[in-house]
Amino acid sequence: MTATPAFSPRFGDFGGRYIPETLVRAHEELEAAYLAARDDPEFQRELADLNRHYVGRPTPLYFAERLTNECGGARIWLKREDLTHTGAHKINNAVGQALLAKRLGKPRIIAETGAGQHGVATATVCAMMGFECAIYMGTEDIQRQSLNVFRMKILGAEVIPVDAGSKTLKDAINEAMRDWVTNVRTTHYLIGTVIGPHPFPTMVRDFQSVIGREARAQMLEQAGKLPDVAVACVGGGSNAMGLFYPFLDDPVRFIGAEAGGSGVATGKHSATLVAGRPGVLHGTKTYLLQDAAGQILETHSISAGLDYPGVGPEHAWMKTTERAEYVAVDDAQALEAFQALSRSEGIIPALESSHAVYQGMQVAKTLPRDQDVLINLSGRGDKDMHTVAAAFGVTL
Amino acid sequence: MSQRLRELFEERRAAGQPMFIPYVTAGYPRPEDCVPILLAMEAGGADVIEIGVPFSDPLADGATVQHANEVALAQGITYRDCCRFVKEARARGLRAPVLFMGYYNPMLALGDDEAARIAAEAGADGFIIVDLPPEEAGSFLEACHKYDLSFVPLVAPTTTDARIAQLAAVADAFLYCVSVTGVTGQRGSLADDLPSFIARIREHTSLPLAVGFGVSTRAHVEAVWKLADAAVIGSAIISTIDAAEENRRAERIREFVEDVSGH
């Protein structure tokens, strides 16, 4: 098994740069700026400094003893990205790209958001670094994530509702791309996950890899060994790639939990790698949920952050090379894990992360007690209270 | 390469006659409107016709063409239907070269070779694919060559000089110049920097140039003709269809094309 090339436009047949001509120059400039920054000790020092003093890194690695005992199998460890500033892993990438935008001399930042976590993270770093900020968000998501919408506005961002198509993350990305095509000279598009044209999948992976680098060192220190399995939820796939990548050459099994929605058989889901096939969307060649004619399908998940018909091209590559396994976890299963973790450990996970928790628990049950399952707890669940209450028939 | 397309551009340039290229989204507003609209465009003076292949995520298009895409997709229009419309229009006498314009995924879903094969079989002349820069077009370009179809690269105001030369090297009939830094749609006036943009392209290539995005009126067309070989109108065609009585869409398109092209 060969490692992914450190900086290539493609991951096997996936990835690339399928973009309108207007955006080609911006991508070339971004690529050059990122390569220079990556090798610049000053940039890395600045990033590490912000990660430590602003984001709150390193985040803890927590041994979930009660959850482990409940499952009765392998030890379960949680990488606590929910404890970062703003409450999800999204901030790792937002800080990195905002530093880069500063280098590019662009005064304005735009972003898309689904659950609102990336929107909040982007609005946060824009406030901190003094960027003008606009966040595109589907009206369906605005409705189910009203708390995060208000947070973004408090942080000084403009939240632009997107009423097209399925009114979710995919359509917010389309609209952000249209803004970027129009304002590319002054604007950086801070893509929130490992999707999009080169160099975004690689760059976002690198910024998120701090998760796996820390977790690897923490496992060695606290468990005395590497994990046997690493589990993360996959929408676009940035928290999963951030966790997996530093373990790429280790004998660690990778499992990505996609959103099974109402069940893959119902067609109402977002399990792209489980049920999709390759195509081109949002500037990259990757697995997509699409019909026979190449039209992108509407998706469903109880978690807005996983509600996307594509997936990072490096995940597509990991699937086809069988480096990682991808499974679907449906809405009901995610809710079950949401409750289980809340009650056994006093940690309320985001609905996105609950998909990973569910799959991690299932895997732990099948493994002996001397093995270790590492789950990325990518975000906290405060934002999901209204959704969960509605699912349980409770009016808040 | 489409011989017909290339020769047409060469002939018109030699004769000093500027060209007009209207665009319509296939199947908008109803599938049965497409062939009559194509024929009406030619009757009104269209030299080349662009047929928009509907896609669910048209991220370089403004509100007008987005809406046309949605309406077409709601009626189940596929890329195969687009080819069928061309075939039917050819059977009914359409002579103008036809280019498919759109996004890559509907073609990729069929496979590059099959997508090109059915286009050629239907009598189409080539492709303008907004999200397929030449760097990513390897196997698609091969398929175009195999079936004698043209691949038309786009050039934008943000394109660097070095890249203009590379894009020109890929083109076989003409270059499509995106007049604005932005999405498709009608605007009050042409971009102020259009003359300098076109001049910059001319420094690197003698290929024919078509200018589109933001061109919508007779005055715009005349201004474009002073700079380039052809003017493209899209969103204003869609708006003309919207304004037309249901049974007179083709007639109104013929009148509109006559008016703006002066042909």
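Residue numbering restarts at 1 for every chain, and letters A, B, ... go by the order of the sequence lines.
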*Hey, mind stepping through T158(B) and V184(A) against side chain to side chain contact (heavy atoms under 4.5 Å, CB included) and telling me if it holds?*
CA-CA 9 Å; T158(B) 51; V184(A) 60; 4.1 Å; yes

*Yes or no on side chain to side chain contact (heavy atoms under 4.5 Å, CB included) for V178(B) and E21(A), after CA distance, side-chain angles and deciding distance?*
CA-CA 9 Å; V178(B) 177; E21(A) 179 60 29; 5.7 Å; no

_Working for side chain to side chain contact (heavy atoms under 4.5 Å, CB included), residues F55(B) and L281(A)_ = CA-CA 11 Å; F55(B) 183 49; L281(A) 177 69; 4.3 Å; yes

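Residues R185(A) and T181(B) bring a donor and an acceptor atom of their side chains to less than 3.5 Å of each other.
For A292(A), the part sitting under 4.5 Å from any heavy atom of chain B is the backbone (N, CA, C, O) and nothing else. Interface residue L288(A): only side-chain heavy atoms are found under 4.5 Å from chain B. Within the 4.5 angstrom heavy-atom criterion, no atom of L110(B) approaches chain A. Of the atoms belonging to P153(B), not a single heavy atom falls under 4.5 Å from chain A.
Between chain A and the options L154(B), V180(B), I129(B), heavy-atom pairs under 4.5 Å are most frequent for L154(B). With chain A as the partner, the residue from G62(B), P133(B), A60(B), G76(B) showing the most heavy-atom pairs under 4.5 Å is P133(B).
For the pair K285(A) and E136(B), the salt-bridge criterion is not met [side-chain N within less than 4.0 Å of a carboxylate O].
Residues I296(A) and S56(B) approach most closely at N-OG, 2.9 Å, considering heavy atoms. The minimum heavy-atom distance between Q295(A) and P54(B), with the atom names listed, is NE2-O, 3.0 Å. Minimum interatomic distance between L59(B) and R178(A) (heavy atoms only, all atoms of both residues): O-CG, 3.0 Å.
Using a 4.5 Å heavy-atom threshold, the side chains of R163(B) and E28(A) count as touching. Side chains of I19(A) and V130(B) form no contact here, defined as non-hydrogen atoms less than 4.5 Å apart. Using a 4.5 Å cut-off on side-chain heavy atoms (C-beta onward), R25(A) and T159(B) make no contact.
Environment of CG in D161(B): crowded, with over 12 heavy atoms of neighbouring residues, nucleotides or ligands closer than 6.0 Å.
Considering OG1 of T160(B) and CD of E29(A), their distance stands at 9.5 Å, rounded to 0.5 Å. Here CG of D131(B) is found 10.0 Å from CE of M177(A). Values are rounded to the nearest 0.5 Å.
Remark: the backbone N or O of V280(A) is paired with a side-chain donor or acceptor of N105(B) at under 3.5 angstrom.
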